[in-house]
Amino acid sequence: MSRPAVLFVCLGNICRSPLAEAAFRAEAERIGLNVEVDSAGTGGWHVGHAPDRRAQAVARRYGVDISGYKGRQVQAEDFRRFTHIVAQDADNLSDLMRIRPDDATAELSLMLDHAGRTGQSVADPYYGDDEGFEVTWSDVTTAARGLARRVERMLRTGGPGD
Ligand code: 4NP
């Protein structure tokens, strides 16, 4: 496999996927995994915006500064540039499957597939309270650990990492 590259996707790219990106970056750094990491939204409302202040706050509580992240929308090129595209919920996954170009090479999955919760969605905390962001951080942290191990195995064996 070429250098792995992981793109985390949610709806707005201001709550869940920036937290997934931050958690995965931290885990990759912790285990010494050389990987490109980014996040994007299926929607375009928050292009150029920093993450939601509640997402920034929960990341800061766990030692990560995401204030410099900027929202962007998924584009066709992402399906060729990234080896893995990880949707936060089932709607994100069906939107990705709908816009996936014919020559896509990225492997699509759901975030919680990597946390032993196959088929489940990371709940959208946007319309909720601060506690929801704690749940999001916990979910994406667990999944980031599982995904990092999977990518590490793929690099070592050249196989799918299952
Ligand atoms: P996210 O949350 O998909 O986790 O970034 C949302 C952020 C913004 C909106 C919806 C969900 N919105 O409708 O603006």
Side-chain angles (χ1 to χ4, degrees), residues 4-30 35-101 104 106-148 150-151:
V6 180
L7 179 70
F8 296 97
V9 172
C10 63
L11 177 61
N13 193 210
I14 56 168
C15 297
R16 292 165 294 174
S17 60
L19 291 174
E21 176 183 351
F24 187 76
R25 276 187 191 285
E27 181 64 10
E29 193 169 322
R30 195 180 70 78
V35 58
E36 180 183 344
V37 189
D38 198 6
S39 64
T42 55
W45 310 283
H46 299 288
V47 171
H49 296 181
D52 184 285
R53 57 171 181 75
R54 298 164 296 173
Q56 293 189 39
V58 76
R60 200 177 314 113
R61 277 199 291 282
Y62 292 95
V64 188
D65 178 6
I66 63 168
S67 62
Y69 288 15
K70 288 275 174 289
R72 75 169 181 90
Q73 193 168 14
V74 179
Q75 49 198 58
E77 177 56 29
D78 290 324
F79 290 85
R80 297 179 284 266
R81 179 173 146 214
F82 289 89
T83 55
H84 298 73
I85 298 182
V86 186
Q88 302 305 298
D89 70 26
D91 287 341
N92 309 149
L93 185 60
S94 56
D95 286 342
L96 286 167
M97 282 157 63
R98 192 169 41 75
I99 62 171
R100 174 167 58 179
E107 172 193 297
L108 296 186
S109 62
L110 269 174
M111 188 73 178
L112 290 179
D113 290 351
H114 306 290
R117 293 167 57 188
T118 305
Q120 293 185 34
S121 294
V122 176
D124 187 346
Y126 184 65
Y127 294 104
D129 57 18
D130 289 353
E131 175 55 26
F133 283 79
E134 288 284 346
V135 173
T136 305
W137 180 259
S138 171
D139 283 353
V140 300
T141 300
T142 305
R145 291 196 186 120
L147 178 60
R150 176 177 163 81
V151 171

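One-based numbering, in listed order, for ligands and for the atoms of each.
- Protein heavy atom in closest approach to atom 1 (P) of ligand 1: Cys10 SG, 3.5 Å.
- Rounded to the nearest 0.5 angstrom, Leu19 CG and Ile66 CD1 are separated by 5.0 Å.
- The shortest N or O to N or O distance between Arg16 and ligand 1 is under 3.5 Å.
- Only the side chain of Asp124 comes within 4.0 Å of ligand 1, counting heavy atoms alone; its backbone N, CA, C and O stay farther away.
- Side-chain contact between Val122 and Phe8: absent, with no pair of heavy atoms (C-beta onward) separated by less than 4.5 Å.
- Here CH2 of Trp137 is found 11.0 Å from OG1 of Thr142. Values are rounded to the nearest 0.5 Å.
- Residue Glu29 qualifies as open at atom CD: its count of foreign heavy atoms under 6.0 Å is 12 or below.
- For atom 13 (O) of ligand 1, the closest non-hydrogen atom on the protein side is Tyr127 OH, 3.5 Å.
- Shown in contact with Cys15 at under 4.0 Å from a heavy atom are these atoms of ligand 1, numbered in order with element: 1 (P), 2 (O), 4 (O), 5 (O).
- Listed by atom number, the atoms of ligand 1 under 4.0 Å from Ile14 heavy atoms are 5 (O), 7 (C), 8 (C).
- Short contacts between ligand 1 and Leu11, defined as distances under 4.0 Å to a heavy atom of the residue, involve ligand atoms 3 (O), 10 (C), 11 (C).
- To the nearest 0.5 Å, the span separating NE2 on His46 from SG on Cys15 amounts to 7.5 Å.
- Salt bridge Glu21/Arg25: present, at least one basic N to carboxylate O contact under 4.0 Å.
- With a heavy-atom cut-off of 4.0 Å, His46 touches ligand 1 through its side chain alone.
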